[in-house]
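Shown below is the structure under consideration.
A, B, ... follow the sequence lines: proteins, then strands. Residue 1 opens every chain.
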There are 2 protein chains.
Amino acid sequence: MRLTQYTDYALRVLLYLARHQDRLCSIAEIATVYGISKNHLMKIINDLVNAGYLTSVRGRNGGVRLGRTPDRINVGALIRHTEDDFDLVGCSRCIIAPACGMTSVFDEALAGFMAVLDRYTLADALARKGDFLPLLNAIGPEGQISKARPAKED
Amino acid sequence: MRLTQYTDYALRVLLYLARHQDRLCSIAEIATVYGISKNHLMKIINDLVNAGYLTSVRGRNGGVRLGRTPDRINVGALIRHTEDDFDLVGCSRCIIAPACGMTSVFDEALAGFMAVLDRYTLADALARKGDFLPLLNAIGPEGQISKARPAKED
DNA sequence: TAAATGATGCATAGTGAATACATCTATTGC
DNA sequence: GCAATAGATGTATTCACTATGCATCATTTA
């Protein structure tokens, strides 16, 4: 059971921008920090821009920033946006589906899952743990992680 | 967000066998009824046999049957068995993971999801909706569905 | 006007699941 | 005891989806 990397990256972008609300960040910068594909990230960011989560500025010295404050970005709503397939098991291809009691069980389980996510905003997630800026700042110019700061639990 | 077809098929097998507890069913029979790969199904069924969910009988006139009564087959436990990857987003590959507040949010959401499934057994699922045997019986010898009985909601 | 940066579309590659194939083992019926 | 049936197991191939790469266009600013 997994969400797509699409959702993963979208969250990382939002978290990063939430920590840098004072300035514009270029897509190249974010891609380098996380060590992921700039091209892929660009598509995700465009999607987030179109959905209103981000604001983009074109041209020289351009970049992106959050389109709303972190307390107005709901995690559940975001995931509903980035994940489009919530057909947990392939009921659409199963012949007993109309009389199958599992469908309602899964519906209820999914509702339980989303209910938790709906309770949190990006601001809540930021507040839940310590600042991760030191981790981001440990990234070298080529995106490699400085081993001086091992990733340990706080 | 999806579970694997592996889980999907495992559930279908259990539901089918729960409706035919009076006799042994061959893997070929189950594969034909659902119109799915017999080879793939065989591996899933073997897995279920090894886990104690099913009992198998080799040789001529052999087949499989439930290894426990439906009320002792917990849906949550089953899915934990058939799904081995619950790393919803790729936290293991994200550098801010140790300080990221999303991990605990996802842990909580996943717990909410599994909590619902843990509350139900196969017997509950069977009781939730009407009998689907008529649907299964509408299958012809080659596995095609008789269109005389459209799949409508009860 | 050139450089930087986002926007967009298409082609390619990687990954993992599903499927197919082959062979072995066990049981039953004749 | 032999042949047929049916499960057990391992390997290889196909397929779908995702991620990535590449090319090009659009926009802004120094």
By side chain to side chain donor-acceptor pair (under 3.5 Å), which residues pair with B/D124, not counting sequence neighbours?
->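 With sequence neighbours excluded, B/D124 shows a side chain to side chain donor-acceptor pair (under 3.5 Å) to B/T121, given in chain and number order.
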
List the steps and the verdict of side-chain contact (heavy atoms from CB on, under 4.5 Å) for B/V13 and B/I27.
-> CA-CA 9 Å; B/V13 167; B/I27 296 177; over 6 Å; no

Please find the earliest and latest nucleotides of DNA chain D, in the 5' to 3' direction, that have an atom within less than 4.0 Å of any heavy atom of chain B.
->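 With heavy atoms of chain B under 4.0 Å away, the range is D/dA4 to D/dT11.
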
Kindly write out the residues that satisfy side chain to side chain donor-acceptor pair (under 3.5 Å) with B/S56, not counting sequence neighbours, or none if the list is empty.
->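 So B/S56 forms no side chain to side chain donor-acceptor pair (under 3.5 Å) with any residue.
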
On DNA chain D, check which nucleotide each of A/S37 and B/V64 is closest to and give me the residue with the more 5' one.
->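 Result: B/V64.
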
Salt bridge (charged side-chain N to carboxylate O under 4.0 Å, His left out) partners of residues 48-61 of chain A, not counting sequence neighbours, each pair once =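 Residue pairs with at least one partner in residues 48-61 of chain A: there are none.
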
For atom OH of B/Y34 and atom P of C/dA18, their distance in whole Å |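 So the two atoms are 17 Å apart, to the nearest Å.
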
Gap between atoms CD and P, on A/E29 and C/dT5 respectively (whole Å) |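 So the two atoms are 10 Å apart, to the nearest Å.
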
Excluding sequence neighbours, so at least two apart, what forms side chain to side chain contact (heavy atoms under 4.5 Å, CB included) with B/T4?
->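 Residues passing side chain to side chain contact (heavy atoms under 4.5 Å, CB included) with B/T4: B/Y6, B/T7, B/E83.
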
Who are the side chain to side chain contact (heavy atoms under 4.5 Å, CB included) partners of A/T69, not counting sequence neighbours?
->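 A/T69 satisfies side chain to side chain contact (heavy atoms under 4.5 Å, CB included) with A/D71, A/R72 once adjacent residues are dropped.
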
Tell me, which pairs form a ring pair (Phe, Tyr, Trp, His ring centres under 6.0 Å) where one or both residues lie in residues 35-62 of chain B, sequence neighbours left out?
->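 The answer is B/Y9-B/H40.
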
According to a strict under-4.0 Å criterion, is B/Q5 in side-chain N/O contact with OP1 or OP2 of C/dA17?
->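 Negative; the distance criterion is not met.
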
Going by the salt bridge (charged side-chain N to carboxylate O under 4.0 Å, His left out) test, which pairs reach into residues 25-51 of chain B, not counting sequence neighbours?
->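 Only B/R23-B/E29 qualify under salt bridge (charged side-chain N to carboxylate O under 4.0 Å, His left out).
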
Tell me: NZ of A/K43 to P of C/dT12, nearest whole Å?
->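 After rounding, the reported distance stands at 14 Å.
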
Starting from the first five and the last five pairs of the helix from C/dT1-D/dA30 to C/dC30-D/dG1, work out the angle between the resulting helix axes, to 10 degrees.
->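 The end-segment axes of the helix from C/dT1-D/dA30 to C/dC30-D/dG1 are tilted 0° relative to each other.
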
Using atom types as modelled, flag every donor-acceptor pair under 3.5 Å from a side chain in residues 111-119 of chain A to any protein atom, sequence neighbours excluded.
| from | atom 1 | to | atom 2 | distance (Å) |
| --- | --- | --- | --- | --- |
| A/D118 | OD1 | A/R80 | NH2 | 2.5 |
| A/D118 | OD2 | A/R80 | NH2 | 2.5 |
| A/R119 | NH2 | B/E108 | OE2 | 3.3 |

Using the test side chain to side chain donor-acceptor pair (under 3.5 Å), find all partners of B/D107 that sit at least two apart in sequence or belong to another chain.
->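 None.
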
In whole angstrom, what separates B/L3's CG from C/dG16's P?
->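 Checked: the CG to P distance equals 18 Å.
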
In the 5'-to-3' direction, what one-character label does each nucleotide of nucleotides 22-30 of chain C receive under the scheme B = base within less than 4.0 Å of a protein heavy atom, S = sugar-phosphate only, - = no such atom?
-> ---BBBBS-

Do any side-chain nitrogens or oxygens of A/S56 fall under 4.0 Å of OP1 or OP2 in C/dT5?
->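 Result: no.
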
Once you round it to whole Å, what is the distance between P of C/dA20 and NE2 of B/H40?
->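 Answer to the nearest Å: 11 Å.
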
Rounded to the nearest Å, what distance is computed from the CG atom of residue A/L48 to the C1' atom of nucleotide C/dG6?
->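 It is 14 Å, rounded to the nearest whole Å.
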
How long is the line joining CG of A/L54 and C1' of C/dA7, in whole Å?
->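 So the CG-C1' distance, A/L54 to C/dA7, works out to 14 Å.
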
Are B/R128 and A/S104 linked by a side-chain donor-acceptor pair shorter than 3.5 Å?
->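 Their side chains do contain a donor-acceptor pair, which is all the 3.5 Å distance test asks for.
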
